[in-house]
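Count residues from 1 along the sequence. Indexing begins at 1, ligand by ligand and atom by atom, following the structure's order. Values reported hereafter were calculated over all heavy atoms of this structure, with side chains retained and with hydrogens, waters and symmetry mates removed. Because the structure is a prediction, the values reported are computed rather than measured.
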Amino acid sequence: MSEQRESVHGLWSSRWVFILAATGSAVGLGNIWKFPYIAGENGGGAFVLIYLLCIAVIGVPIMMAEILMGRRGRSTPINTLRHLCGEAKAHPAWQIIGWSGMLAGFLILSFYSVIAGWALSYILDSISGTFYDATAEQVGKNFSDLLASPGTLIFWHTAFMIMTMVVVARGVKNGLEKAVRILMPALLILLLVMVGYAMSMGEFMRGVEFLFKPDFGRITANGVLIAMGHAFFTLSLGMGAIMIYGAYLPNNVSIAKTSIIIALADTFVALLAGLAIFPIVFSNGLEPGAGPGLIFQTLPIAFGQMPGGIVFGTLFFILLTFAAWTSSISIIEPVITWLVENKNMSRTRACTIAGGLTWLAGLGTVLSFNVTADVKLFDKTFFDLVDYLASNIMLPLGGLLMSIFVVWVLPKVITAEELNIGQGAGFKLWFFLLKFVAPIAVIIIFLNVIGII
Ligand code: PHE
């Protein structure tokens, strides 16, 4: 009965490699750059609590569903969906999950690469001692100078896009393993050092309180949507990235256990980043709601003051770039595998085309920080709009469709066989979360933000 397919792109060599690669995908700018700044913009504690809840009851169940679909289909998300529809005798229209995922990936990478470019440029700033003994104003000015220069932003955006495409062209499984094994733990250690440093600051407890003491008066319907969208974004869910990584997963690996490990690691990194950053914000009289520049305006102040700050700062931005790198290659992988499988392209050609187009779209984000900063639609710049649409609407929508598909369309024998945890309490809990809690939560949050309920 079991119909196990093979991936034309090869398999991960072990469960451990999959965990590293999926964690590499999950841990990225979302944790270190985005989480602190959106938590700051949305009032802190209550936002963080909702985000954590979303990770637990929506994120983990959907991650399991997404990996399961990927492993069963063993191909690019669109073809995986086509295959699964065949197995389930369902209408092929479900392939829309794959299409919307590719579009979301394209949109996300377009701005992701620009922000990763900031991290790249900060490596140089750190080495050259720009932050040494710098005041909060000097650090802030350094950042606004960077944003004001489209040429510099484009240069670093281009560099990062090339880095991404070079790895993707070689196949995400080659070379990734060794790098992730060393650099992810290194990033973790460095974050711990930063939190240790933050503890020595007068305002550490204020930072902790800001992050963990919920004040529900400060959260809006839109804030709830952003928290949910971020749960998807940070776990790389809802657009097929985890699905394609699942497609390379050997059959004997437990999807449930690995999903929980990945979600825990990802959440831990985000919380550490928050703990490192907010004490600096409060100690220096900065604004928690300063926006996308938050980490770039805060951490350098600490690097400038701490002993060995030049080394730590440089290392930090190298590792941040690396974390962004291991994420960006997964964001575009669904598109690349689609071009390879369905358009018969070589990986190199697929990367050139997809990378070129994504790079072009990224110019919109570059300009939205300077030349077109005042051009707004729904009160949002181009960057804000692309991020909002992809992260807060397309990813949850993709996740919603995946949960409906796995629960209502795929026969239970298939899901149970792939999950392989029997049909006991664990399976029932997962099924319940996926059938009721996740989809209903997504729908309520959507309706709430439009103002219907
Ligand atoms: N999870 C990544 C991060 O937090 C971003 C990402 C989004 C990766 C969607 C893949 C898919 O930085």
Side-chain angles (χ1 to χ4, degrees), residues 19-39 51 54-55 59-60 62-63 66-67 70 76-77 97-98 100-119 160 164 167-168 172 176 180 183-184 187 191 226-247 259 262-274 292 295 319-337 354 358 386-399 402:
I19 292 180
L20 285 174
T23 310
S25 163
V27 174
L29 294 174
N31 308 61
I32 297 169
W33 158 74
K34 195 173 185 192
F35 170 72
Y37 103 73
I38 55 177
Y51 150 80
C54 288
I55 294 274
V60 173
I62 290 186
M63 180 180 284
E66 198 173 329
I67 298 176
T76 194
I97 295 176
S100 95
M102 291 209 302
L103 181 60
F106 168 75
L107 294 175
I108 291 174
L109 186 59
S110 78
F111 70 79
Y112 207 86
S113 166
V114 176
I115 311 293
W118 299 357
F160 187 80
T164 299
V167 175
V168 180
V172 294
L176 191 64
V180 181
L183 295 173
M184 295 300 280
L187 177 65
L191 275 172
I226 295 174
M228 175 180 73
H230 189 63
F232 281 92
F233 185 90
T234 192
L235 293 178
S236 311
L237 297 179
M239 47 81 61
I242 286 295
M243 197 186 294
I244 191 72
Y245 274 20
S259 299
I262 296 162
L264 283 177
D266 185 77
T267 309
F268 188 58
V269 171
L271 295 179
L272 282 183
I295 66 159
L319 293 174
L320 178 61
T321 303
F322 182 80
W325 201 7
T326 55
S327 298
S328 65
I329 59 185
S330 74
I331 301 176
I332 204 66
E333 180 71 1
V335 176
I336 303 303
T337 46
T358 320
V386 173
D387 176 27
Y388 195 89
L389 176 69
S391 313
N392 302 335
I393 299 176
M394 297 183 75
L395 297 186
L397 213 55
M402 288 178 197

Looking only at protein heavy atoms, which one is nearest to atom 9 (C) of ligand 1, and how far off is it?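 Answer, as residue, atom name and distance: S236 CA, 3.7 Å.
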Could you tell me the residue and atom name of the protein heavy atom closest to atom 2 (C) of ligand 1, and the distance to it rounded to 0.1 Å?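 So the nearest neighbour among protein heavy atoms is S25 O, 3.3 Å.
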State yes or no: are the ring centers of F35 and Y51 separated by less than 6.0 Å?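 Yes; Y51 has its ring centre under 6.0 Å from that of F35.
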Could you see which bit of S330 sits under 4.0 Å from ligand 1, with heavy atoms only: side chain, backbone, both or neither?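 The answer is the side chain of S330.
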Going by distance only, is there an N or O of [X] that falls short of 3.5 Å from an N or O of ligand 1?
{"X": "A26", "result": "yes"}
{"X": "A241", "result": "no"}
{"X": "F233", "result": "yes"}
{"X": "M239", "result": "no"}

Hey, what's the ring geometry for W118 with W33, parallel, tilted or perpendicular (30° and 60° as the breaks)?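 Perpendicular, since the angle between the ring planes exceeds 60°.
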Can you sort out which atoms of ligand 1 are near T234, meaning under 4.0 Å from one of its heavy atoms?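 This gives 1 (N), 4 (O) as the contact atoms.
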Taking only heavy atoms of L29 into account, list the atoms of ligand 1 that are under 4.0 Å away from them.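 The list of qualifying atoms is 12 (O).
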Check whether any heavy atom of Y112 sits under 4.0 Å from an atom of ligand 1.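 In this structure, Y112 qualifies as a contact of ligand 1 - some heavy atom is under 4.0 Å.
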If you measure from CG on D266 to OG1 on T23, what distance do you get to the nearest 0.5 Å?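 Answer rounded to 0.5 Å: 8.0 Å.
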With side chains defined as the heavy atoms from C-beta onward, is the minimum distance between L264 and F268 less than 4.5 Å?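 No, too far: nothing below the 4.5 Å cut-off.
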Is it true that a side-chain atom of [X] and a backbone atom of [Y] form a donor plus acceptor pair closer than 3.5 Å?
{"X": "T358", "Y": "F106", "answer": "no"}
{"X": "S391", "Y": "D387", "answer": "yes"}
{"X": "S236", "Y": "S25", "answer": "yes"}

